[in-house]
Amino acid sequence: MKLLRVGPVGQERPAVLDDAGNLRDIGEPDIDGAFLASGGVARVREALERGDLPVIDVEGLRVGAPIARPGKIVCIGLNYSDHAAESGLEAPAEPVVFMKAPNTMIGPYDEVLVPRGSVKTDWEVELAVIIGQKARYLDGKEEALGVIAGYAVANDVSEREFQLERGGQWDKGKSCETFNPLGPWLVTADEVGDPQNLPLRLWVNGERRQDGDTKNMIFDVAEIVRYLSQFMVLEPGDVINTGTPAGVAMGMPGQPYLRAGDVIELEIEGLGRQRQTVGQA
């Protein structure tokens, strides 16, 4: 199933996309951690099969992030060997973990803002994992995959000077407003199948910049979830950004960082497509 949230900022209502491409009103509480943990996905599936959900008129409707504000956004850095190489760094022996502020999350078509004082705002197409059950000290791959509610497209927007040249942790180059577009859908884990077989691509102003595949992750999705659960409790609704392939501005000749007026488009096969126009904070 493909779950999403539509409507103005702060007034989104939950919906599901049916097999015919119609948007249907779920009529449930918002898609958040409580919804995922309490069997909300199964209830929606049953209601959809019964034909109980009314069609929503999509004309003019904004698409928001597919889940309400998460408790945390956990990110994995340098998780593709080609991206580590273009960053001038060795592939890590263990996952590189950092956090993004939860309020960075916006809809897949919302405006991305270049922060004030920024000269190195960058793009990163990533597979996002949405946690569906509380998870701590997971033992293995099957247990780790079992706590995943679904997957989505994420743009892990980054300010490289803030991240790497201003001292301290990476977080301040990752947590600027609008720096985590998510969606358009939360695609349930059963529909996605193998998360290590998903092509992902990104364009800036119509020019392809990233073209990778999740099969090339250094640490796969199951290992990322298992690993994180050894250091923190993962809660329903938490988001994990799993890393980006090569092709970011930081690793390109001339480093063509984002400027106001640029257009970013990105997609992951089966998970949908995003499009953002860049503005100035």
Inset, instruction - Would you please say whether a donor-acceptor pair under 3.5 Å links the side chains of N241 and D156? - result: no
Legend entry - E86 (side chain) donor-acceptor with D82 (main chain) under 3.5 angstrom: no
Inset, instruction - Please check if the side chain of S158 supplies one atom and the backbone of D122 the other of a donor-acceptor pair under 3.5 Å. - result: no
Inset, instruction - Examine distances only and state if a side-chain atom of D30 and a backbone atom of D32 form a donor-acceptor pair shorter than 3.5 Å. - result: no
Inset, instruction - With sequence neighbours left out, write down each residue that passes side chain to side chain donor-acceptor pair (under 3.5 Å) with R69, or none if nothing qualifies. - result: none
Inset, instruction - Without swapping roles, check the side chain of K172 against the backbone of R166 for a donor-acceptor pair under 3.5 Å. - result: yes
Inset, instruction - Could you tell me whether a side-chain N or O of N79 sits under 3.5 Å from a main-chain N or O of T242, the two making a donor and an acceptor? - result: yes
Legend entry - Donor-acceptor contact below 3.5 Å, side chain Q196 vs main chain T214: yes
Legend entry - Any residue meeting salt bridge (Lys or Arg N to Asp or Glu O under 4.0 Å) with D194, in chain and number order, not counting sequence neighbours: none
Legend entry - N/O donor-acceptor pair under 3.5 Å between T104 side chain and K100 backbone: no
Inset, instruction - Please name all residues satisfying ring-ring contact (aromatic ring centres under 6.0 Å, His included) with Y109, sequence neighbours left out, ordered by chain then number. - result: none
Inset, instruction - Find out whether L198 and D213 are in side-chain contact, i.e. whether some heavy atom of one side chain is under 4.5 Å from a heavy atom of the other. - result: no
Legend entry - R273 NZ/CZ over W203 ring centroid, <6.0 Å and within 45° of normal: yes
Inset, instruction - Give a yes or no on whether F231 and V233 share a hydrophobic cluster (residues Ile, Leu, Val, Met, Phe, Trp, Tyr; joining criterion: side-chain heavy atoms under 4.5 Å apart). - result: no
Legend entry - All side chain to side chain donor-acceptor pair (under 3.5 Å) counterparts of E90, not counting sequence neighbours: none
Legend entry - Members besides V41 in its Ile/Leu/Val/Met/Phe/Trp/Tyr cluster (side-chain heavy atoms under 4.5 Å): M1, L3, V16, I26, I31, F35, L36, V44, L48, L53, I67, I73, M105, I130, L182, L186, V239
Inset, instruction - Look only at the side chain of T121 and the backbone of E159, and say whether a donor-acceptor pair between them is shorter than 3.5 Å. - result: no
Inset, instruction - Give a yes-or-no answer on whether the side chains of Q274 and Q276 include a donor-acceptor pair shorter than 3.5 Å. - result: yes
Inset, instruction - Decide, yes or no, whether a salt bridge links E12 with R62 under the criterion of side-chain N to carboxylate O below 4.0 Å. - result: yes
Legend entry - Between T178 and E111, a side-chain donor and acceptor under 3.5 Å: no
Legend entry - CH2-CG distance between W123 and L202, expressed to the nearest 0.5 angstrom: 7.5 Å
Identify each donor-acceptor pair in which a side-chain atom of residues 132-143 lies under 3.5 Å from a protein atom, sequence neighbours left out, and give them as a table.
unit_1, atom_1, unit_2, atom_2, d
Q133, NE2, G146, O, 3.1
E143, OE1, D139, N, 2.9

Inset, instruction - Could you tell me whether the side chain of Q169 and the main chain of F98 form a donor-acceptor pair under 3.5 Å? - result: no
Legend entry - Sidechain N-carboxylate O distance under 4.0 Å for K72, E235: no
Legend entry - Side-chain donor/acceptor of S87 to backbone N/O of H83, under 3.5 Å: yes
Inset, instruction - Could you tell me whether E267 and R201 make a salt bridge, using a distance below 4.0 angstrom between a side-chain N and a carboxylate O? - result: yes
Inset, instruction - May I ask you to say whether D190 pairs ionically with R45, meaning some side-chain N is under 4.0 Å from a carboxylate O? - result: yes
